4 protein chains.
Amino acid sequence: MPAVSPQSRRPRSGNRRDESARLAVLHAADDLLVEHGFGGLTIEAIARSAGVAKQTIYRWWPSKVEILLDTLIEDSEKRFPVPDGKPTAENLRGYLRGFARFVTRDPAGKVLLALLAEAQHNPGTAEILRERYLDPRRDRERALLARAIEAGEVSPKLGPDAVLDALVGPIVYCVLTGSSVPRGLVDTLFDDLLRPRPD
Amino acid sequence: MPAVSPQSRRPRSGNRRDESARLAVLHAADDLLVEHGFGGLTIEAIARSAGVAKQTIYRWWPSKVEILLDTLIEDSEKRFPVPDGKPTAENLRGYLRGFARFVTRDPAGKVLLALLAEAQHNPGTAEILRERYLDPRRDRERALLARAIEAGEVSPKLGPDAVLDALVGPIVYCVLTGSSVPRGLVDTLFDDLLRPRPD
Amino acid sequence: MPAVSPQSRRPRSGNRRDESARLAVLHAADDLLVEHGFGGLTIEAIARSAGVAKQTIYRWWPSKVEILLDTLIEDSEKRFPVPDGKPTAENLRGYLRGFARFVTRDPAGKVLLALLAEAQHNPGTAEILRERYLDPRRDRERALLARAIEAGEVSPKLGPDAVLDALVGPIVYCVLTGSSVPRGLVDTLFDDLLRPRPD
Amino acid sequence: MPAVSPQSRRPRSGNRRDESARLAVLHAADDLLVEHGFGGLTIEAIARSAGVAKQTIYRWWPSKVEILLDTLIEDSEKRFPVPDGKPTAENLRGYLRGFARFVTRDPAGKVLLALLAEAQHNPGTAEILRERYLDPRRDRERALLARAIEAGEVSPKLGPDAVLDALVGPIVYCVLTGSSVPRGLVDTLFDDLLRPRPD
DNA sequence: CCATAAGCGAGACGGTACGTCCAGTCTTCCC
DNA sequence: GGGAAGACTGGACGTACCGTCTCGCTTATGG
C-alpha cells in the first residue's frame, strides 16, 4: 500500500488535472444524492459541497449524470463484479444475490436507481447509461450465462437477454416501487427459469 | 330579447370549478410529457399550453406529479382494467399482455414510467404513487389472482405479491432500460410461474 | 340623534345598498392603512378584514383610493373644518394649527399623506384627489382668506394660492420627510407672510 | 496574428461587476419612471428594458427604491449641487431656484417626488431616503446657511432647519399637488424669511 | 530559465421556472 | 337587485440553478 503523498499535502495542482478535486466532486455527488435525493443534487450544490468551482465540474463532466455514472461504474465493480471464473450455477446465483443486495441495501445502489430514473426523463441519459453501464455489464453477464449453459450447469428455455431481464427485472421493480424483495423470490426465479422442467 | 341559447356553451365557470380548464390541464400535461419529456413538463409550460393561469393549476393540484397521476389513473382504467369477471388463466394472461402493451406502445404508458422514475427522485412522489395508483391496483390484482387460484386455474409456488412482481417486473425493466420486451417473455413467465411442475 | 336601528339588527339588506357593508369597508381600509401601511392595503385584505365580498367593493368604489378619499373627506370635516364664521386672524391661525395637528398626530391624517403619495405614482389618483378634496377645500380656504383681507385682518404680499401653499407646504414637507414640525414654524410663517412689513 | 485591439471593447465582464449593466439598469429605471410612472416601474420591466437578468438587479440593489436613489443622488449633484463657494445671498437664492427648476421641469426631478411618495407607503424607504439623500444634503445646506449668516448676508428669525423647510416645503407642496409654483413665491419667501424686518 | 499554457476558485452574467400574491372580472346561489 | 363566495386570467414578486464567461492566481513544461 503506497503512501498517500510524500510531502504533507499538495495545495494546488498547477498544470495537470487536480485529482483531489475530482475525488471531492465524486464524493460530494454521492453524499448529496444519499442525503438530499436527486432533487438536491445540483451542480451548484456539488461545487459548494466539494469546495470546487462550477467551471471545474463543467470542464470534466458533461452533466451531473456522468458524475454519478463514474461513481456507479467504480462501485459496481467493487461490490458485485460479474464473475469470470467457473461458470457454476452457484456462482450465477451468488451474482444475482449480490445484485439484489447492492440495489436494496448499499447506499451506492441508490445511484443506479437514480440513473435508471433519470434515463426516463432524459433520452441522452438513457443512451449514456446503456452505453457506459448497462450494455457492458450485460455483455459480460451474457458471456457468463453462455459458459454456464455450455457447461451444462443451467438450461433456460428463454433467450439470454430475456432470461437475464426475467431475473433482474423483478428485483428492480420491487425496489422501484418501494416494496421489499419477497423472501425466496430470487431463488424461485432462478430455479424455475434456469432449470425448467423438460416439457 | 331572447337568451342566446340555454345549453349552447358555457363561456366561464363562475363560482364552480371549471371542468374545461381541468381537462385542458390534463391533456396539456399528457401532450407535453410525450412531446418534450418530463424535463419539458413544467407548470409554466402546462399553463401556457392549456391556456390557463398558473394559479388555477396550483389551486387544484399540489404538484405536476398529481396531474400526471390523475391522467394515469383515468387512462389505466380505460386501457387495461383489472378484470373482475371469470378468473380464468386466459383472462389473467390477457391482462398481463394488456399491461405490456400499455407500457410499451401506448403514449399514456409513458406517464407510468415517468412517475415511477420521479418516485426515485422524490420520496413524496413515491408515497402518493403507491397510495393512489400502485397499491389500489395491486389489491385488485391480488384479488383476481386469489380467485384464479381458488378456481384451480393457476397454482403458483410464490406468494401473491412475489408472483405479481415476478410477472410485471421484467416487462417494466425492459422498458426502463430501453430494450424491447423479448418475444415470448410474458408467456414463458406466465407458464413457468403460475403453472409450475409439481416437484 | 336617531337610534341606530329599531329592531335589534338587520342581518341582510335585500334590495338596497347595505350600509353596514359600506361602513365595514371604510373602517377596514382605515385600520389596515394604520396597521400595515399602504402596502398592506389591498382590496383582498379589505374584503377579508371587513367580511365582505370583493365584488361588493368593486361595485361601489372604482379603486381603493376612493375608499380612502371617502374616509378622508368625512374625517377632515370633523377634525378641522374650514371656519366660515368671523374671518379673524386668530381663526385663520387656529385653522392652520388644526391642520398641523391633523397631519402630525391624528391617525386619520395618515390617509391624506398616503393619498398625496399615491397621487405621485398615479395620475388618476392625482386628479380625483384634487377634484374631490384639495380643490374644494382650497376654494373655501381662499374664500376665508379673502374675507380676512377685506376685513383688514391680514394683508399678504403674495397671491391667495401662493400664500396658502407657503403656509401649508412647510408643514406637509416636514411630515413627509419624517421630521417633526419645528416649534414656532407655523406662527412665524403666519406673521411673516400675512402681516408683512410695508416696504 | 496580432491581438484585435488592446482597449477596443470589453464584451463581457467576467468576474467583476459589469459597469454597462449597472448603467443600463439606472437608465432603464429612469426612463420607465418618466414614461410609465412608478406603477410601471417593476423589476421585471427594468430587467426587460435594460436587457439584463433579474438576478443581476437583485444582486446589486435591495429594491427598486435603491436604484432610484442611486440615480437621484447622481443627478442631484449634477443639476443643483449645494454651492460651497462664497456664501452670498445670491448664491443661496440661486440654489433655491435650481431646486425649484429640478423638481418642476427636470425629468430627473420626478425621481425625488416618487421616492418622497414611496417613503409614505414604506417606512424602510423613508429611512434610506433620509439616510442617503435628505440628511446629507440638509447637512450641507445647513452649513451653507450658517456661513451666510456669519457673513451677514442673511439673518433669519427661524432656526436653520425650520427656515430650510419653510423655503423648500412650499415648492415641494405645489409640485405634489400638481399646481404650478406661483411666480414670485421663491423670491418672496426668500426675502421675508431670510431678511426679516427688525421688529 | 523564463514564457506560456492549462487547471483552478471565484463569481458575475442572461435566462428560465419556481410557488405566492393580488388585481380585476365573472358566475352562482341565497336573501 | 344586493351581497357572500370564490374560480378565473394575468402578471409581478423574490429565489434557485442553469450553463457560459472572465478574472487573477498557481504550477509544470518546453523553446
Side-chain angles (χ1 to χ4, degrees), chain A residues 10-22 41-48 50-60 62-64, chain B residues 10-18 20-22 39-48 50-60 62-64, chain C residues 11-18 20-21 39-45 47-48 50-60 62-64, chain D residues 10-18 20-22 39-48 50-60 62-64:
Chain A
R10 187 93 48 105
R12 264 297 180 67
S13 62
N15 205 1
R16 293 280 176 264
R17 176 165 188 183
D18 185 345
E19 177 67 8
S20 75
R22 187 185 138 260
L41 190 74
T42 67
I43 296 283
E44 300 226 320
I46 297 173
R48 208 153 39 223
V52 141
K54 273 203 296 179
Q55 186 57 40
T56 299
I57 299 180
Y58 283 111
R59 189 172 3 249
W60 300 109
S63 73
K64 64 185 174 184
Chain B
R10 187 90 44 121
R12 263 297 180 63
S13 61
N15 203 5
R16 295 280 175 264
R17 177 165 186 181
D18 186 345
S20 74
R22 187 186 138 260
L41 189 74
T42 66
I43 297 282
E44 302 227 320
I46 296 173
R48 214 152 38 219
V52 141
K54 267 200 300 179
Q55 185 58 46
T56 298
I57 299 181
Y58 284 110
R59 189 175 0 254
W60 299 110
S63 72
K64 63 185 175 184
Chain C
R12 266 297 179 65
S13 62
N15 205 359
R16 292 280 177 268
R17 176 166 185 182
D18 185 345
S20 75
L41 189 73
T42 67
I43 297 283
E44 302 227 319
R48 207 155 39 224
V52 142
K54 271 203 298 178
Q55 187 56 41
T56 299
I57 298 180
Y58 282 111
R59 193 175 353 255
W60 298 108
S63 74
K64 62 186 176 185
Chain D
R10 187 91 41 122
R12 263 296 181 60
S13 61
N15 203 6
R16 294 284 175 263
R17 177 164 188 182
D18 186 345
S20 75
R22 187 186 139 260
L41 189 74
T42 66
I43 298 283
E44 301 226 320
I46 297 173
R48 215 152 37 222
V52 142
K54 267 203 296 180
Q55 186 56 47
T56 297
I57 299 180
Y58 284 111
R59 189 172 3 250
W60 299 109
S63 73
K64 61 186 176 184

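This one's a predicted model, so the numbers in the text were calculated from it and none came from an experiment. Proteins come first, then strands; the chains are lettered A, B, ... in the order of their sequence lines, and each starts at number 1.
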For the side chain of [X], starting at C-beta, report the closest nucleotide among [options].
X       : options               : value
B/Thr56 : E/dC13, F/dC8, F/dG3  : F/dC8
A/Ala21 : E/dC13, F/dG2, E/dC8  : E/dC8
D/Arg59 : E/dA12, E/dG7, F/dA4  : E/dA12
D/Asn15 : E/dC13, F/dC23, F/dA4 : F/dC23

Where [X] and [Y] come nearest, the two heavy atoms and their spacing:
X       : Y       : value
C/Ala45 : C/Gly40 : CB-O, 3.8 Å
C/Val52 : C/Ala21 : CG2-CB, 4.1 Å
D/Ala53 : D/Ala47 : C-CB, 4.3 Å

Review point. Under 4.5 Å between any side-chain heavy atoms of B/Ile57 and B/Lys54, yes or no?
Key: no

Exercise for review: Check whether any side-chain heavy atom of B/Arg22 sits under 4.5 Å from a side-chain heavy atom of B/Trp60, and report yes or no.
Suggested key: no

Rounded distance (Å) that lies between atom [atom2] of [N] and atom [atom1] of [X]:
X       : N      : atom1 : atom2 : answer
D/Asp18 : F/dC23 : CG    : C1'   : 13 Å
D/Arg17 : F/dG24 : CZ    : P     : 17 Å
B/Ile46 : F/dT9  : CD1   : C1'   : 17 Å

When you compare the protein's N or O atoms with those of nucleotides 17-19 of chain F, which come within less than 3.5 Å of each other, and at what distance?
| unit_1 | atom_1 | unit_2 | atom_2 | d |
| --- | --- | --- | --- | --- |
| F/dC18 | OP1 | A/Ile43 | N | 3.0 |
| F/dC18 | OP2 | A/Ile43 | N | 3.1 |
| F/dC18 | OP2 | A/Glu44 | N | 2.9 |
| F/dG19 | OP2 | A/Tyr58 | OH | 2.9 |
| F/dG19 | N7 | A/Lys54 | NZ | 3.1 |
| F/dG19 | O6 | A/Lys54 | NZ | 2.8 |

Check your understanding: At what distance, to the nearest 0.5 angstrom, does NZ of C/Lys64 lie from OG1 of C/Thr42?
Key -> 7.0 Å

Practice item. Establish, with yes or no, whether the OP1 or OP2 oxygen of F/dG3 is under 4.0 angstrom from a side-chain nitrogen or oxygen of C/Trp60. Key: yes

Practice item. Take A/Ala53 and D/Ala53, find for each the nucleotide of DNA chain E with the closest heavy atom, and name the residue whose nucleotide sits nearer the 5' end. Key: A/Ala53

